[in-house]
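A quick write-up on the structure given underneath.
Just so it is clear, the model here is predicted, and its values are computed rather than measured.
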Amino acid sequence: MKRGYYGPFGGRYVPETLMAALEELERAYESLSRDGAFQEELSCLLERFGGRPTPLYFAERLTEHLGGAKIYLKREDLNHTGAHKINNALGQALVARRLGKRRVIAETGAGQHGVATATAAARFGLECTVFMGEEDMGRQAMNVERMKLLGAEVVPVTSGTGTLKDATNEAIRHWVATVEGTHYIIGSVVGPHPYPMMVRDFQRVIGDETRRQVVADEGRLPDLILACVGGGSNAMGMFHPFREDPVDLVGVEAAGRGIATGHHAATLGAGRVGVLHGSRSYLLQDDDGQVIEAYSLSAGLDYPGVGPEHSFLKEAGRAEYVSVTDGEAVEAFRLLCRLEGIIPALESAHALAEAMKRAPRLGGKILVVCLSGRGDKDMDSIKSYLGKGENQS
Amino acid sequence: MSRLTRAFSGRKALVTYVTAGDPDLKTTAERVLCLDASGADVIELGLPFSDPQADGPVIQAAGQRALRGGTTLAKVLDLASSLRGKIKAPLVLMGYCNPLFTYGEERFADAAAASGLSGVIVPDLPYDEGESLYGALERRGVDAVLMAAPNAATGRLAEVGRRSRGFLYCVSLLGVTGTGKALHGDLEAYMARVRAVTTLPLALGFGIDSPEKARLCASLADGVVVGSALVGLVETCGDDRPRLLEETGRLVRSLREGLDGI
């Protein structure tokens, strides 16, 4: 396979001014990934600061309620800052330090990656600037405050449609201009090589732990693993260690108001191959190759691109990708709150919704859902959704 | 020698950029005629894209306006065809890769040649990823102009210089277009490094918005690219089309005088 590619997907489609930085990052990361001291420092940090390992929790009442497969939840919501994003932010902050860069930047949609990056930057005394769409800053005001408290500068992005796609463009543009002293911490398995690989490697701790934990509890591997997919970092981190095993992998995208309405974020389900944010992958675009804005009630899935390795897993038939509507995700969200006493992130609720559809037919099977984050941040979205009576979709 | 390379002989070349379809395609055609008559040596037609990573706010906004007006690659190619034989300056299409890939690489290369385009510049398609598109263009005699960056290692500069056709577009700063950021600290050393690896004409671009900067840059290069300063006139002139053409001509003539004064 060509370097930086997953089959025909991936690559490095960026302005020439970024090529030097990407080559530097690739070389540095290659050596760090084989550097025992670096890996040791990272796992110590994930344990003592991040709160790993996160539990694999048997959802007993949910299992009983659905009456089929045994359902386990990988509790990434119990990480410091409330989601899996911290795994990658800490890893890349360490990389930035090794590169001698004193400043980091990030894009954020819902604010989870921004908060994780601001947290890692504070922990290492790095300057931090986060680009966030103006519209998202309104929807996720609490996360904006958290980032500021942590010492980050939050830059509102008004270009384009003022959401995650545009925040990512703006972060890339800013990086082009500051590349000599700044490291760009991309929040998902997207972007130009080596980002999709590096972010996957920092997130695979999810799958590695799950594997040990499920074997310890059940004496065998699970039959099915589900994870939500926006850019796809929690899913890729969860799937990767199981890719050679007889385990079904299912990625769940956001169908928003329904694929047929055009208001969705089902990039793999309804997109076509193209180039966005530096890599070739599936993409929501019109017939002229202009990128279309995605929609999901869940701000973390509201992205018109997807990591190139997911495109590869889809084409190779190794993973299956399905989608779940806003309404189905909200139902799953409410059910988990009541049955298990866990408020999941709306993103993770998409994976749960698909698990709930499948579990009743899978008696005797073991199913793992990646609960990628907690839902405190989603209170306003849920409230206004239920208030509008949109829960029929 | 290609038509683009020839455009750099004789005098310091003035390469101008306008976003196609901003404010509309008819006005773009009139602006191109005006650029040509006022002293431009090469004219770049910018293909609008929803996510232009290398562009600052001025060209971003122009692209949004053009897209709202329904500008597509097919229409920009038609515009280029309609200008054939009416202008002296060679036309170059500058656009991001996704709309070109969506159109189809071979189909685009055919259409580029048929529309009389002399060259194509794709700012987010480095040579490492562009072999198939750039090869398709080369087979049809359309120059694929590559970009060089001031922070590139010498090996990479040499590769860019070897693979570029027509001229080499040397980015003058670390940053995006049209931000008023200062040019790279040591342009002289940068241009000397590029000269050492290629015999192509060198055009400096990004951030050149005045006759003074144009003159400074042209003293080190074979030409300069002016984009955002021209694109920005659409905003300042509003719906006043005659004034837009007048201001376009005035700016190009003053840039021309700056370059001719070297």
Exercise for the section: Determine whether the side chains of A/E180 and B/N151 contain a donor N or O and an acceptor N or O closer than 3.5 Å. Expected result: no

Exercise for the section: Can you tell which part of B/L173 gets under 4.5 Å to a heavy atom of chain A, answering side chain, backbone, both or neither? Expected result: backbone

Completion exercise
Whatever's closer than 4.5 Å to a heavy atom in chain B on A/L18 counts as neither

Handout entry: Atom group of B/V122 that falls short of 4.5 Å from chain A, counting heavy atoms
Key = neither

Exercise for the section: Taking heavy atoms only and a threshold strictly under 4.5 Å, list by residue number the residues of residues 124-133 of chain B that touch chain A; give 'none' if the list is empty. Expected result: B/D124, B/L125, B/P126, B/D128, B/E129

Exercise for the section: Using non-hydrogen atoms and a 4.5 Å limit, figure out which bit of A/V291 sits close to chain B: side chain, backbone, both or neither. Expected result: both

Handout entry: pair B/C97-A/V275: side-chain heavy atoms closer than 4.5 Å
Key = yes

Fill in the blank from the handout: When every non-hydrogen atom of A/G289 is compared with those of B/T102, the smallest separation belongs to CA-OG1, 3.3 Å

Practice task
Using a cut-off of under 4.5 Å on heavy-atom pairs, state which of B/S50, B/A153, B/P48 scores highest against chain A.
Solution key: B/S50

Handout entry: Separation between CG of A/L276 and CG of B/D51, rounded to the nearest 0.5 Å
Key = 5.5 Å

Practice task
Could you look at B/Y103 and say if it's the side chain, the backbone, both or neither that has a heavy atom under 4.5 Å from chain A?
Solution key: neither

Completion exercise
Taken to the nearest 0.5 Å, the spacing of B/D55 CG from A/S159 OG works out to 11.5 Å

Exercise for the section: Tell me, for B/Q53 versus chain A, whether the close heavy atoms (under 4.5 Å) come from the side chain, the backbone, both or neither. Expected result: both

Fill in the blank from the handout: Assert top hit (heavy-atom pairs under 4.5 Å, partner chain B, pool A/R280, A/E16, A/R173) equals A/R173

Exercise for the section: Check for a donor-acceptor pair, side chain of B/R156 on one end and backbone N or O of A/A20 on the other, with a separation under 3.5 Å. Expected result: no

Problem - Smallest separation among heavy atoms of A/Q285 and B/N98, with atom names - result: OE1-ND2, 2.8 Å

Practice task
Taking the side chain as every heavy atom from C-beta outward, state whether A/D287 and B/T72 have any atom pair closer than 4.5 Å.
Solution key: no

Handout entry: Region of B/P52 that comes under 4.5 Å of a non-hydrogen atom in chain A
Key = both

Exercise for the section: To the nearest 0.5 Å, tell me how far B/L174 CG sits from A/T17 OG1. Expected result: 6.5 Å

Fill in the blank from the handout: Checked A/E170, A/H277, A/R272 vs chain B; the most non-hydrogen pairs under 4.5 Å come from A/H277

Practice task
Check the surroundings of atom CD in B/E106: do more than 12 heavy atoms from other residues, nucleotides or ligands lie under 6.0 Å from it?
Solution key: yes

Practice task
Indicate yes or no: at least one non-hydrogen side-chain atom of B/M147 is less than 4.5 angstrom from one of A/P15.
Solution key: no

Problem - Proximity breakdown for B/A148 and chain A, heavy-atom pairs closer than 4.5 Å - result: backbone

